[in-house]
Amino acid sequence: MSTPSSTPPDGLPRYRVLTGPDDASFCHRVSEALALGYELHEGPAVTFDGERVVVAQALLWPQPSRQS
């Protein structure tokens, strides 16, 4: 497994929140962020908007390890 760089690729922010309907597309978006090197921040938030389940997942870019 490779070590992620100290900054996210493509100018992406260190902190991201992905939101959307709870479907395969949302799961693929989260999986893509994990493959880039982001880490999940806590569990997802889930709600129902009257028609569908909507999910939010926070992601953090890992801080570089500081070795003394």
Side-chain angles (χ1 to χ4, degrees):
M1 180 174 178
S2 64
T3 304
S5 70
S6 62
T7 59
D10 302 325
L12 292 168
R14 295 182 76 81
Y15 175 82
R16 298 173 65 189
V17 176
L18 300 180
T19 61
D22 185 16
D23 60 12
S25 175
F26 178 80
C27 293
H28 285 290
R29 290 171 51 217
V30 172
S31 296
E32 289 169 1
L34 294 172
L36 285 174
Y38 280 90
E39 297 176 348
L40 298 176
H41 178 67
E42 309 265 334
V46 181
T47 191
F48 182 70
D49 70 1
E51 295 180 22
R52 61 189 177 182
V53 175
V54 179
V55 188
Q57 177 63 62
L59 300 146
L60 291 173
W61 191 257
Q63 295 289 340
S65 61
R66 297 181 188 184
Q67 298 179 350
S68 6

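Rounding to the nearest 0.5 Å gives a distance of 12.0 Å between CG of Asp22 and CZ of Phe48. Here the CG atom belonging to Leu12 is positioned 10.0 Å from the OG1 atom belonging to Thr7, to the nearest 0.5 angstrom. To the nearest 0.5 angstrom, Leu34 atom CG is 5.0 Å from Leu40 atom CG.
Annotation for Pro9 and Trp61: closest pair CD-CH2, 3.7 Å, computed over non-hydrogen atoms. The two residues Gly37 and Pro62 come nearest to each other via the heavy atoms O-CD, 3.2 Å. Across all non-hydrogen atoms, the minimal contact from Pro13 to Pro8 is O-CG, 3.6 Å.
Partners of Thr47 by side-chain contact (heavy atoms from CB on, under 4.5 Å), not counting sequence neighbours, listed by chain and number: Val54.
For residues 7-21, the set of pairs meeting the salt bridge (charged side-chain N to carboxylate O under 4.0 Å, His left out) definition, not counting sequence neighbours, is empty. Pairs of residues two or more places apart, or lying in two chains, never qualify as ring-ring contact (aromatic ring centres under 6.0 Å, His included) while including a residue from residues 6-33. Among residues at least two apart or in separate chains, salt bridge (charged side-chain N to carboxylate O under 4.0 Å, His left out) pairs with a member in residues 23-50 are Asp49-Arg52.
Neither Val17 nor Tyr38 shares a network with the other; the hydrophobic side chains, linked directly or stepwise wherever heavy atoms of I, L, V, M, F, W or Y lie under 4.5 Å apart, form separate groups for each. Follow the hydrophobic side-chain contacts under 4.5 Å out from Val30 and you reach Leu36 in the same cluster.
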